[in-house]
There are 2 protein chains.
Amino acid sequence: MTSPAPPGPPRPTSRDVARAAGVSQATVSLVLGDKWRGRVSESTAGRVRDAARDLGYRPNLAARNLRLGHTRTALLVVPALTNEFFARVYTGAAAVAAEHGFGVVLYPSPDGTGPARDPFASARAALDGVIASSMAADALGALRGAGLPLVMLDSDPAAPGPAAMVNLDIADGMRQVAAHLLALGHRRFLHLASAVDSWTFAVRARALHDALRGVPGAHIRTVPAALDVRAGREAAEHALALPGPRPTAIVCDDDILAAGACKAARRLGLRVPDDLSVTGFDDLALATAVEPELTTVRLPAEQVGERGMSALLAVLEGRQAEPGSLPVHLVVRGSSAPPPAGPTA
Amino acid sequence: MTSPAPPGPPRPTSRDVARAAGVSQATVSLVLGDKWRGRVSESTAGRVRDAARDLGYRPNLAARNLRLGHTRTALLVVPALTNEFFARVYTGAAAVAAEHGFGVVLYPSPDGTGPARDPFASARAALDGVIASSMAADALGALRGAGLPLVMLDSDPAAPGPAAMVNLDIADGMRQVAAHLLALGHRRFLHLASAVDSWTFAVRARALHDALRGVPGAHIRTVPAALDVRAGREAAEHALALPGPRPTAIVCDDDILAAGACKAARRLGLRVPDDLSVTGFDDLALATAVEPELTTVRLPAEQVGERGMSALLAVLEGRQAEPGSLPVHLVVRGSSAPPPAGPTA
DNA sequence: CACCCGAGGTTTTACGTATAACTTCCAGGT
DNA sequence: ACCTGGAAGTTATACGTAAAACCTCGGGTG
């Protein structure tokens, strides 16, 4: 345990500025807080500002937060830092936050194993509210106990707790994928599913099965995999090597898994999309980095962040957050094509 | 501008807990702060803890921070959220921080264009210190003005300001790449360089040129590109189509650019690595997601974070941070091979 | 018996800020 | 001559916590 004793001289306070400018501390607060119109003369205000600049004064945020009773800071809990989707969510949230004088702090939920830490041990900033992804389920218990306003992203509408939600029409995205592949003539599917137990993935599976139900000759097998390229490749490779008729299309829960599926295909001597179609989800940068580029579903991530932050602000003001789910859309690229036997074999 | 008035009942304070337990506020502070051995009886301590639990008491961090004069929170400034390298840096920094009761908050420097915001407007937590990547140069001015202890990562050793630095032996990494390709027989190189003006990229260029200087017949052309796959592809495609003898190897500043270079090669009908070798840098997940997998340089990112945080802790305690730079190493994969004309043409 | 001492607390203070409430001064109206 | 009222400040207070300094009481000691 360390004992952080600031090395240099103590930072100047508003009282130091007041002394330097020959006014009271209250006047400094008024001037620097931009609340002095009609209360302080122009010349005095100038003296205060000059003194503050000369001393290099920075208000003590801890004191300000204590006084005001809030911090104008929100915590965004994400499952993993590298996930591009959440980087875009952050961008949207931070933009809306900035418009309202708020800041956004990130808490990457420790991925998978490891001691599930307290989010507030890491982001020990004083917070006004929390926006959390449903994928960061492990951190959720601690979040609930904190008694802070909570906005959930893309989570089970039936779950209790959150003050508001922002949902994506994930089910419709999966329906679009299924419709696209069915129209191309595919009937035998492999669903490369994320092994993560989260609402957003459960919806994908349900929607895919629903879309195929009732289609004559349609068949689907589901294989779970961890969310990385190698796990995706191994799962796909194993599933493709099974006896019986081979699937002609692999529907993946995520672009990362789709990249793995493409590698599996190549290893088995199958060409994508000629011998095998592969679809992803999320439209990450990875989707256009691999060859062929992935047919996938683009999600309005920035909008998710914007709506999430707006909802949190609404809750903080005691207003009702407007509900509604955001549309997603299929992006057709080079990884999907008619099955080898020709349409409607 | 919103007026965040907490909707529910006010959160209980330590005074409320004291009242409920029938003791003074000071006793609550002692018990909950685990400083009560020999000062408070076992039974009283139990009553206090029970009362705190029953009321759902959470200490007000703003008040605690004000009282203690520090927050045990560090800010990590990264150039972009999606950059895997910095996700790993964060992991390392957060681990060391946790051992010392510190937290780490992320500030993603707004990438490229856009109004250069104040890092403290976004991460308005009260902070004890800052760890910043040299790639987040635009945010640096504001950081300096804050008068906080600053640790720079992978930055120009000659630059003034930072209280400590953590450096990677990037130059040696590039030397290893050059030695590898020279040994394979390559002589005509294309350097696909990051257009970002940052120390870490300047070092790559210098080391590469130094390594080639004096090698008979060696020639290199440098082409800059923004740090994304499309920009890399376009730059490489254009450079490969120029008249004159074509380079047999493309050395990239980053795996992302290398992925772009591979796509360019494919478009031009060149096979990697048979007709053209491509090397990356950083060893991101992308390096093994593309086909062929990239020969690249692996950086000890977690260690960078660990050393960075350790250095910051040292500075906060008034100690001297130990200097020294971290080694990197080449990882040879499928994207590099002898040039088409055979070794040592 | 007077004294000290330690256990088990309590009272008080300070951290730096924002702001409500108060003061002072002076010009203008009646 | 007296009151009104605004301009230009100042004084005082509260936010919730941590911890230094102080109190009180019963038992052991010289």
Side-chain angles (χ1 to χ4, degrees), chain A residues 3-6 10-48 51-52 55-72 101 124-128 147, chain B residues 3-6 10-48 51-52 55-72 101 124-128 147:
Chain A
S3 64
R11 293 166 52 127
T13 71
S14 60
R15 222 175 301 268
D16 296 328
V17 176
R19 206 174 350 249
V23 298
S24 74
Q25 179 267 332
T27 301
V28 173
S29 189
L30 286 175
V31 171
L32 267 36
D34 233 37
K35 299 209 157 71
W36 56 281
R37 290 150 233 286
R39 320 242 306 120
V40 178
S41 73
E42 195 81 44
S43 69
T44 305
R47 282 210 323 282
V48 169
L55 292 177
Y57 169 72
R58 300 260 150 176
N60 180 321
L61 291 188
R64 183 198 300 244
N65 290 342
L66 173 59
R67 174 68 234 246
L68 295 178
H70 64 251
T71 58
R72 300 189 94 74
R124 70 180 51 243
L127 303 168
D128 285 350
Chain B
S3 65
R11 293 166 54 127
T13 73
S14 62
R15 223 174 299 268
D16 295 327
V17 175
R19 202 167 0 242
V23 298
S24 73
Q25 179 267 333
T27 303
V28 174
S29 188
L30 285 174
V31 171
L32 267 37
D34 233 38
K35 301 212 156 73
W36 57 284
R37 287 150 236 285
R39 321 242 304 120
V40 176
S41 73
E42 195 80 45
S43 68
T44 305
R47 282 211 322 283
V48 168
L55 291 177
Y57 169 72
R58 300 261 149 173
N60 179 320
L61 291 187
R64 181 197 300 239
N65 291 342
L66 173 59
R67 175 70 235 248
L68 295 178
H70 64 251
T71 57
R72 299 189 96 73
R124 70 179 51 241
L127 302 168
D128 286 349

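So you know, we letter chains A, B, ... as the sequences are listed, proteins then strands, and number each from 1. Hydrogens, waters and symmetry mates are skipped; everything else that's a heavy atom, side chains included, is used.
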Looking only at side-chain N and O atoms, does [X] come under 4.0 Å of OP1 or OP2 in [N]?
| X | N | result |
| --- | --- | --- |
| B:S24 | C:dT10 | yes |
| A:T13 | C:dC15 | no |
| B:S29 | D:dT17 | no |
| B:T44 | C:dG9 | yes |

Side-chain touch B:Y57/B:L32, heavy atoms, less than 4.5 angstrom
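In short, these two side chains touch, coming nearer than 4.5 Å.
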I want to check something: taking the side chain as every heavy atom from C-beta on, are A:N60 and A:T13 in contact at a cut-off of under 4.5 Å?
no
5' precedence on DNA chain C between B:L66 and B:A45 (nearest-nucleotide basis):
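Closer to the 5' end of DNA chain C: B:A45.
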How many Å lie between [atom1] on [X] and [atom2] on [N], as a whole number?
| X | N | atom1 | atom2 | value |
| --- | --- | --- | --- | --- |
| A:L30 | D:dG9 | CG | C1' | 9 Å |
| A:R37 | C:dT19 | CZ | P | 14 Å |
| B:H70 | C:dA14 | NE2 | P | 20 Å |
| B:W36 | C:dG8 | CH2 | C1' | 12 Å |
| A:R58 | C:dT17 | CZ | C1' | 17 Å |
| B:N65 | C:dC15 | CG | C1' | 11 Å |
| B:L68 | C:dA14 | CG | P | 17 Å |
| B:R19 | C:dT10 | CZ | P | 14 Å |

Does B:R47 use its side chain to pair, donor to acceptor, with the backbone of B:A21 at less than 3.5 Å?
yes
Can you spot which of B:V28, B:L30, B:V40 makes a side chain to side chain contact (heavy atoms under 4.5 Å, CB included) with B:V23?
B:V28
Nearest 0.5 Å, please: how far is CZ in A:R39 from CZ in A:R37?
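The CZ atom of A:R39 is 12.5 Å from CZ of A:R37, to the nearest 0.5 Å.
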Listed nucleotide nearest any side-chain atom of [X], set [options]:
| X | options | answer |
| --- | --- | --- |
| B:A26 | C:dT10, D:dT17, C:dT17 | C:dT10 |
| A:N60 | D:dT17, C:dT17, D:dG9 | C:dT17 |
| B:S41 | C:dG9, C:dT17, D:dT10 | C:dG9 |
| B:Q25 | D:dT17, D:dT10, C:dG16 | D:dT17 |

Give one of base, sugar-phosphate or nothing for B:V23, where a contact means two heavy atoms less than 4.0 Å apart.
sugar-phosphate
Does A:R39 reach a base, just sugar-phosphate, or nothing at all? Heavy atoms under 4.0 Å.
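Base: the residue A:R39, judged by heavy atoms under 4.0 Å, touches a nucleobase.
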